[in-house]
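Structure record follows, encoded as structure tokens.
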Amino acid sequence: MNVLLVTSFFPPLRTAGTENYTLGIARGLQALGHTVHVICAGDWDQGDHYLGGFTDDVYQGIPIRRVHFNWTKAK
């Protein structure tokens, strides 16, 4: 099964409770044979525009899409 996990942030950039919990779920699902992807926020306060694009990353074998926002540019 394909699984998309959505969280505020994700390791290794942030490693608090929710991030570590989501990592544990992702690793557990992978161990059961599922395909897991994560989408989360990346940069939170950089760039010239509110939406600054995205970057793709892999952490511990888990593909991650980090969406970059600049909250200081939000209206």
Side-chain angles (χ1 to χ4, degrees):
M1 176 183 342
N2 291 317
V3 178
L4 176 64
L5 298 175
V6 180
T7 186
S8 52
F9 299 103
F10 197 75
L13 303 181
R14 304 272 167 80
T15 55
T18 301
E19 294 82 0
N20 289 328
Y21 182 71
T22 305
L23 174 60
I25 291 172
R27 293 177 71 188
L29 288 168
Q30 280 186 328
L32 293 171
H34 300 292
T35 301
V36 179
H37 295 267
V38 171
I39 188 166
C40 65
D43 292 332
W44 207 229
D45 60 355
Q46 298 178 14
D48 296 332
H49 302 285
Y50 173 67
L51 182 57
F54 64 88
T55 54
D56 292 323
D57 190 7
V58 176
Y59 181 71
Q60 294 186 5
I62 302 164
I64 308 159
R65 176 156 288 182
R66 298 181 195 276
V67 182
H68 304 288
F69 298 99
N70 185 344
W71 66 272
T72 65
K73 301 292 182 181
K75 295 186 183 208

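Worth saying up front: this structure is predicted, and the values here are computed from it rather than measured.
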As an exercise, state the distance from CZ of Phe10 to CD1 of Ile64, rounded to the nearest 0.5 Å.
5.0 Å
Say whether Ile62 and Val67 are linked into one hydrophobic cluster, either directly or through other cluster members, by side-chain heavy-atom distances under 4.5 angstrom.
no
Kindly write out the residues that satisfy side-chain hydrogen bond (donor to acceptor under 3.5 Å, both in side chains) with Arg27, not counting sequence neighbours, or none if the list is empty.
Gln60
Residues 61-72 vs salt bridge (charged side-chain N to carboxylate O under 4.0 Å, His left out), sequence neighbours excluded, gives Asp56-Arg65, Asp57-Arg66
Taking side chain to side chain contact (heavy atoms under 4.5 Å, CB included) as the definition, give me every residue that meets it alongside Leu4, ordered by chain and number, with sequence neighbours left out.
Val6, His37, Ile39
Results of ring pair (Phe, Tyr, Trp, His ring centres under 6.0 Å) for Phe9 - residues two or more places apart only
Trp44
Under a single-linkage rule joining Ile, Leu, Val, Met, Phe, Trp and Tyr whose side-chain heavy atoms are separated by less than 4.5 Å, which residues share a cluster with Leu32?
none
Scanning both residues in full, the closest heavy-atom pair of Cys40 with Ser8 reads CB-O, 3.7 Å
Does Val38 share a hydrophobic cluster with Phe54, counting links as ILVMFWY side-chain heavy atoms below 4.5 Å and allowing steps through other members?
no
Let me check something: any side-chain donor-acceptor pairs from residues 11-21 under 3.5 Å, sequence neighbours excluded? List them with distances.
| residue | atom | partner | partner atom | Å |
| --- | --- | --- | --- | --- |
| Glu19 | OE1 | Ala16 | N | 3.2 |
| Asn20 | ND2 | Thr15 | O | 3.2 |
| Asn20 | ND2 | Ala16 | O | 3.2 |

